Amino acid sequence: MEGDAMRQEAKESIEAAQNYRRELQLRLTGLKQACTQVRGSSSQARDALRRHFSELQAAAARLLAARLAQLVAQVDALEEQSLRPLTACQTLILQGVGQADQLLREGEAALRCDVEEDGLGSFNQKALNIHLDSLLEVPALVDVACVSAQLDDSVLEVLKEMVVRHGSVSSHPPVQIMELQERPGAMLVRWAKVDEDFSAVDYRLQYRRAAGGGAYEDAYVGGDCEVVVVHLDPQTEHLFRVSARGDGGSSWSPWSVPVAGSTSLAPHEWSPGTDGFILSSRRNIAMRCDSAPSGSPVLYSNGATYCPGQTLTFKVSAVGQADNRDGLGVCVERESGQETLQRDQAVCISTKGAVFVNGKEMTNRLPALALGSAVTFDMEVVALFSVGSSNNPSEGGANVKLRVTIGCGSREVVFDWLLETAVDGLLFGCCFAHTGWKVLVF
């Protein structure tokens, strides 16, 4: 017996050691990933710094060369402008010097030779015509240009101060993605500040497919800390990252650590072929058209794809004339020919903000639908009980009580909705009496 007990204790010790080793291996894998992230991000940061400052140096050299060429051109223009009258004056003086030399030669020749009085008179007359007593005035040095260059040495100090403050290096971005929550054909992304000293005003969310290494594209820019990214293919992994911009700043912070996620839920779709509606290529956008101007039946979803526990969102991207029969909502089953969701086994909100439960209008109302309005439906099962048997819910029928929350803008209405039978999923639908309405569902 003692040997069996010792053997059992040894087996337990071996199993504990195996579990311990397995946990250590998992932690070692996580540690390797952390080291890879540190080395990889550091390498990217070094490359970004070298690339940026190299571009900055080249740009600064281009700017300085352009400014130098501009200033030298100004010097050349001033030189040419200032020399033009001086050169003209010099030409006239040189002409006068030439005339005087010629006159001297002629006069000396006339005196050396015995010429008639008429020849001397002709010489004297020529001397009078030259105006030997008329001299051009040469400007004083203080009246002519003295080109100089004014260079402010303080530019170097300003440049030095700006360079010293330019750029920064941080070990952690000020904002990180905290949660990814799958939605039908979409992903709810939530983020939060992790640096309390950073005052964020705007956030920028980007995403891309994980495979292929394509470029990131913007999904959202604004002040909210969560957004639903739509038009995602199910079973396809995407990477999400977020950045922030501070109060009064124009530059974005470093990107958060990319977080991978995918949705396994097929996207919500409207049912094609309903008279009076045009659908987008993905069938998630429905537009009320004029093919049935006098009225149109309810446009339902392509299947019962909405399940309690999820959030169903309708986004109004175009509006038309409101009517009391209009509505966006959820129902248990289709009813052909119906032109409204204000009926039994359905809940909806009208375009005027009225809330209907099983065809009856509630006292509480929501804001009327407008361009950009987002209407959300959240449901959860709060009770499941049988009809006809208190001991076995499978006997007779089963009633389901759902806690329904309909939100629009900053307001919401909460109520309990009793279904006659348990369902795996619910249909959603919309109906508009007039054209012009356009609704995205996700």
Side-chain angles (χ1 to χ4, degrees), residues 27 29-60 162-183 185-264 311 313 315 374 442:
R27 282 159 174 75
T29 300
L31 186 61
K32 289 180 178 178
Q33 292 176 344
C35 292
T36 300
Q37 176 173 303
V38 171
R39 293 191 180 97
S41 61
S42 298
S43 177
Q44 292 176 357
R46 279 191 292 268
D47 292 342
L49 287 170
R50 293 190 178 106
R51 182 172 59 254
H52 174 76
F53 276 87
S54 177
E55 293 173 352
L56 200 61
Q57 287 174 343
M162 293 180 64
V163 170
V164 168
R165 295 199 313 266
H166 183 66
S168 63
V169 176
S170 61
S171 60
H172 294 82
V175 60
Q176 293 282 13
I177 292 177
M178 295 301 178
E179 181 184 7
L180 297 180
Q181 190 177 107
E182 65 175 354
R183 296 288 174 83
M187 184 72 70
L188 173 64
V189 185
R190 288 193 177 99
W191 58 86
K193 287 195 310 175
V194 293
D195 184 357
E196 294 301 327
D197 295 331
F198 186 84
S199 178
V201 175
D202 292 320
Y203 299 97
R204 182 181 183 185
L205 177 69
Q206 291 188 334
Y207 74 105
R208 69 170 176 87
R209 286 176 178 262
Y216 280 93
E217 59 181 284
D218 287 338
Y220 172 78
V221 176
D224 295 333
C225 289
E226 67 175 53
V227 71
V228 177
V229 182
V230 298
H231 305 322
L232 300 182
D233 295 327
Q235 313 300 337
T236 302
E237 191 171 59
H238 289 78
L239 295 176
F240 302 88
R241 66 181 187 179
V242 67
S243 178
R245 182 164 55 190
D247 187 11
S250 59
S251 60
W252 293 96
S253 72
W255 291 104
S256 66
V257 177
V259 178
S262 63
T263 177
S264 60
T311 298
T313 303
K315 185 69 176 290
F442 58 88

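Nothing fancy with the numbering, it's 1 onward along the sequence. This one's a predicted model, so the numbers in the text were calculated from it and none came from an experiment.
- Legend: residues meeting side chain to side chain contact (heavy atoms under 4.5 Å, CB included) with Arg241, ordered by chain and number and at least two apart, are Gln206, Tyr216, Trp255, Ser256.
- Residues passing the side chain to side chain donor-acceptor pair (under 3.5 Å) test with Arg208, sequence neighbours excluded: none.
- For Ser253, the side chain to side chain donor-acceptor pair (under 3.5 Å) criterion is met by Ser243, not counting sequence neighbours.
- Applying the side-chain hydrogen bond (donor to acceptor under 3.5 Å, both in side chains) test to every pair with at least one member in residues 40-50, sequence neighbours left out, gives no pairs at all.
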Decide side-chain contact (heavy atoms from CB on, under 4.5 Å) for Val201 and Arg245; before the verdict, give the C-alpha distance in whole Å, the side-chain angles of both, and the deciding distance to 0.1 Å.
CA-CA 6 Å; Val201 175; Arg245 182 164 55 190; 5.9 Å; no
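- Counting non-hydrogen atoms of neighbouring residues, nucleotides and ligands closer than 6.0 angstrom, the NE2 atom of His231 exceeds 12 such neighbours.
- Judged as a salt bridge (Lys or Arg N to Asp or Glu O under 4.0 Å), the pairs with a partner in residues 221-230 (not counting sequence neighbours) are, in order, Arg190-Glu226.
- Partners of Arg39 by salt bridge (Lys or Arg N to Asp or Glu O under 4.0 Å), not counting sequence neighbours: none found.
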Check the pair Trp252, Asp202 against side-chain contact (heavy atoms from CB on, under 4.5 Å), reporting the backbone distance first and the verdict last.
CA-CA 9 Å; Trp252 293 96; Asp202 292 320; 3.9 Å; yes
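- Between the OG atom in Ser262 and the CG atom in Leu239 there is a gap of 11.0 Å [rounded to 0.5 Å].
- For the salt bridge (Lys or Arg N to Asp or Glu O under 4.0 Å) test, no residue two or more places apart in sequence or in another chain qualifies with Asp197.
- Within the 3.5 Å criterion, the main-chain N or O of Ala211 finds no donor-acceptor partner in the side chain of Glu237.
- Here the closest non-hydrogen pair linking Tyr220 and Gly223 is OH-N, 3.2 Å.
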One pair to check against side-chain contact (heavy atoms from CB on, under 4.5 Å): Gln181 and Val228. What are the steps and the verdict?
CA-CA 9 Å; Gln181 190 177 107; Val228 177; over 6 Å; no
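- Scanning for side chain to side chain donor-acceptor pair (under 3.5 Å) contacts around Thr29 gives an empty result, with sequence neighbours left out.
- Heavy atoms only, all atoms of each residue included: Ala192 and Val175 are closest at O-CG2, 3.2 Å.
- Not counting sequence neighbours, Arg51 has no partner by the salt bridge (Lys or Arg N to Asp or Glu O under 4.0 Å) test.
- For the atom pair Lys193 NZ and Phe198 CZ, the distance stands at 8.0 Å (nearest 0.5 Å).
- For His238 (side chain) and Thr236 (main-chain N/O), a donor-acceptor pair under 3.5 Å exists by modelled atom type.
- Thr263 OG1 to Gln235 CD: the interatomic distance, rounded to the nearest 0.5 Å, is 7.5 Å.
- Rounding to the nearest 0.5 Å gives a distance of 10.0 Å between OG1 of Thr311 and CZ of Phe442.
- Annotation: side chain to side chain donor-acceptor pair (under 3.5 Å) contacts of Thr313 (sequence neighbours excluded): none.
- The side-chain heavy atoms of Leu49 and Val169, taken from C-beta on, include a pair separated by under 4.5 Å.
- Within the 4.5 Å cutoff, side-chain heavy atoms of Tyr207 are placed close to those of Glu217.
- To the nearest 0.5 Å, atom CZ of residue Phe240 and atom CG of residue Leu232 are 5.5 Å apart.
- Judged as a salt bridge (Lys or Arg N to Asp or Glu O under 4.0 Å), and not counting sequence neighbours, Asp195 has no contacts.
- With sequence neighbours excluded, the residues satisfying ring-ring contact (aromatic ring centres under 6.0 Å, His included) with Phe53 are His166.
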